Amino acid sequence: FKDPELNVEEWLGRFEVESREVYFARNRVLEACQIKPGESIADVGAGTGFYSRLFARQTGPNGWVYSVEIAPRFLQHIAEQATSLDIPNLTPILATDRSTRLPRESVDLAFICDTYHHFEHPADTMASLYAAIKPGGRLVVIDFERIPGESSDWILGHVRAGKETFRQEILAAGVQFDEEVPIKEFNENYLLQFHKPTSP
């Protein structure tokens, strides 16, 4: 993803298609995020930015969206889209493999979609994200069910661990688990909701 020659058009053909569950179910996912006007949202691992654009509309002119990515070409595409579609309340942020580089207590909602399994240093990345979430703020994580004997060969080879392992890693950052939200269009994905306690 850090390749300066990364072909964004190729990834648009993979990410923004109805055959991808998280794209097909985007309206249900938006409902689950429960975004209120004026909220600040971090789209962590924003990819081509389609959720960032949806979030920007949902939170409205008094809210803000941070599109967090390690891929400079994706961030360039997101910035170009924000300009061409007149989305003024969006800021691209170049992350590292250990930090989201988000300002402290800056977001009401952190959203990680089909990206958590890519975290090379999950404890460090989650520590930076925990610091960025406001007390009482929310965390939504979508990833792939990884069940030996049931999941596809691609998932078994691509996703490093299953839901319960990821849930425990995320809890170790200090957030509290709320619930798994059923999304009827999901067959390979799941959606987990957490929140940051209002006091340590």
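Position 1 is the first residue of the sequence; numbering continues from there. The analysis underlying the following values was restricted to heavy atoms, covering all of them including side chains, and did not include hydrogens, waters or symmetry mates. Remember, predicted model here, so these are calculated numbers, not experimental data.
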Please determine whether salt bridge (charged side-chain N to carboxylate O under 4.0 Å, His left out) holds for the pair Arg26 and Glu31, giving the CA-CA distance in whole Å, both sets of side-chain angles, and the decisive distance to 0.1 Å.
CA-CA 9 Å; Arg26 56 196 179 275; Glu31 288 175 17; over 6 Å; no
I need the [X] [atom1] to [Y] [atom2] distance, nearest 0.5 Å.
{"X": "Ile170", "Y": "Phe194", "atom1": "CD1", "atom2": "CZ", "result": "4.5 Å"}
{"X": "Cys33", "Y": "Leu191", "atom1": "SG", "atom2": "CG", "result": "6.5 Å"}
{"X": "Asp114", "Y": "Tyr51", "atom1": "CG", "atom2": "OH", "result": "8.5 Å"}
{"X": "Leu54", "Y": "Asn27", "atom1": "CG", "atom2": "CG", "result": "7.5 Å"}
{"X": "His118", "Y": "Asp143", "atom1": "NE2", "atom2": "CG", "result": "8.0 Å"}
{"X": "Leu94", "Y": "Ser67", "atom1": "CG", "atom2": "OG", "result": "12.5 Å"}

Determine, step by step, whether Ile112 and Leu129 satisfy the side-chain contact (heavy atoms from CB on, under 4.5 Å) criterion, reporting the C-alpha distance in whole Å, the side-chain angles of both residues, the deciding distance to 0.1 Å, and the verdict.
CA-CA 10 Å; Ile112 309 173; Leu129 187 57; 3.7 Å; yes
Just by distance, do the side chain of [X] and the backbone of [Y] share a donor-acceptor pair under 3.5 Å?
{"X": "Ser84", "Y": "Glu80", "result": "yes"}
{"X": "Gln176", "Y": "Lys196", "result": "no"}
{"X": "Thr83", "Y": "Gln81", "result": "no"}
{"X": "Glu69", "Y": "Leu75", "result": "no"}

Is any side-chain heavy atom of [Y] closer than 4.5 Å to one of [X]?
{"X": "Ile87", "Y": "Asn89", "answer": "yes"}
{"X": "Lys134", "Y": "Val107", "answer": "no"}
{"X": "Arg138", "Y": "Glu39", "answer": "yes"}
{"X": "Leu109", "Y": "Ile35", "answer": "yes"}
{"X": "Ile155", "Y": "Glu145", "answer": "no"}
{"X": "Thr48", "Y": "His77", "answer": "yes"}

Report the C-alpha separation of Ser106 and Ser40 in whole Å, then their side-chain angles, then the decisive distance to 0.1 Å, and conclude whether the side chain to side chain donor-acceptor pair (under 3.5 Å) test is met.
CA-CA 7 Å; Ser106 59; Ser40 297; over 6 Å; no
Intermediate values then yes/no, side-chain contact (heavy atoms from CB on, under 4.5 Å), Leu90 and Ile78
CA-CA 9 Å; Leu90 189 156; Ile78 288 169; 3.6 Å; yes
Contact summary for [X] and [Y], nearest pair of heavy atoms:
{"X": "Ala25", "Y": "Ile183", "value": "CB-CG2, 3.9 Å"}
{"X": "Tyr130", "Y": "Pro197", "value": "OH-CD, 4.0 Å"}
{"X": "Ser99", "Y": "Thr125", "value": "N-OG1, 4.3 Å"}
{"X": "Ala42", "Y": "Leu102", "value": "CB-CD1, 3.7 Å"}
{"X": "Asp43", "Y": "Ser52", "value": "OD2-OG, 2.7 Å"}
{"X": "Pro72", "Y": "Ile70", "value": "CD-O, 3.2 Å"}

Set out, in order, the CA-CA distance, both residues' side-chain angles and the distance that settles side-chain contact (heavy atoms from CB on, under 4.5 Å) for Phe119 and Val44, then state yes or no.
CA-CA 11 Å; Phe119 288 2; Val44 180; 4.1 Å; yes
So that I can tick it off, tell me whether Glu169 and Arg160 are bridged by a salt bridge, with the cut-off set at under 4.0 angstrom between side-chain N and carboxylate O.
yes
Inspect the contact between Arg146 and Glu188 and indicate whether a charged nitrogen and a carboxylate oxygen are less than 4.0 angstrom apart.
no
Would you please test Arg28 and Lys184 for side-chain contact (heavy atoms from CB on, under 4.5 Å) and show each step?
CA-CA 9 Å; Arg28 298 269 185 193; Lys184 70 176 184 178; 2.8 Å; yes
When you look at Glu120 and Arg98, which way does the salt bridge (charged side-chain N to carboxylate O under 4.0 Å, His left out) test go after all the steps?
CA-CA 8 Å; Glu120 294 179 30; Arg98 290 184 182 271; over 6 Å; no
Are the ring centres of [X] and [Y] closer than 6.0 Å?
{"X": "Tyr190", "Y": "Phe186", "value": "no"}
{"X": "His117", "Y": "Phe144", "value": "yes"}
{"X": "Trp64", "Y": "Phe55", "value": "no"}

side-chain hydrogen bond (donor to acceptor under 3.5 Å, both in side chains) involving Glu164 - partner list, sequence neighbours excluded
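Partners of Glu164 under the side-chain hydrogen bond (donor to acceptor under 3.5 Å, both in side chains) test: Arg167, Gln168.
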Of Ile142, Val140, Asn189, Val181, which meets side chain to side chain contact (heavy atoms under 4.5 Å, CB included) against Val29?
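Testing each of Ile142, Val140, Asn189, Val181 against Val29, the sole residue satisfying side chain to side chain contact (heavy atoms under 4.5 Å, CB included) is Ile142.
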Co-membership, hydrophobic cluster, residues Leu156 and Ile147, 4.5 Å side-chain:
no
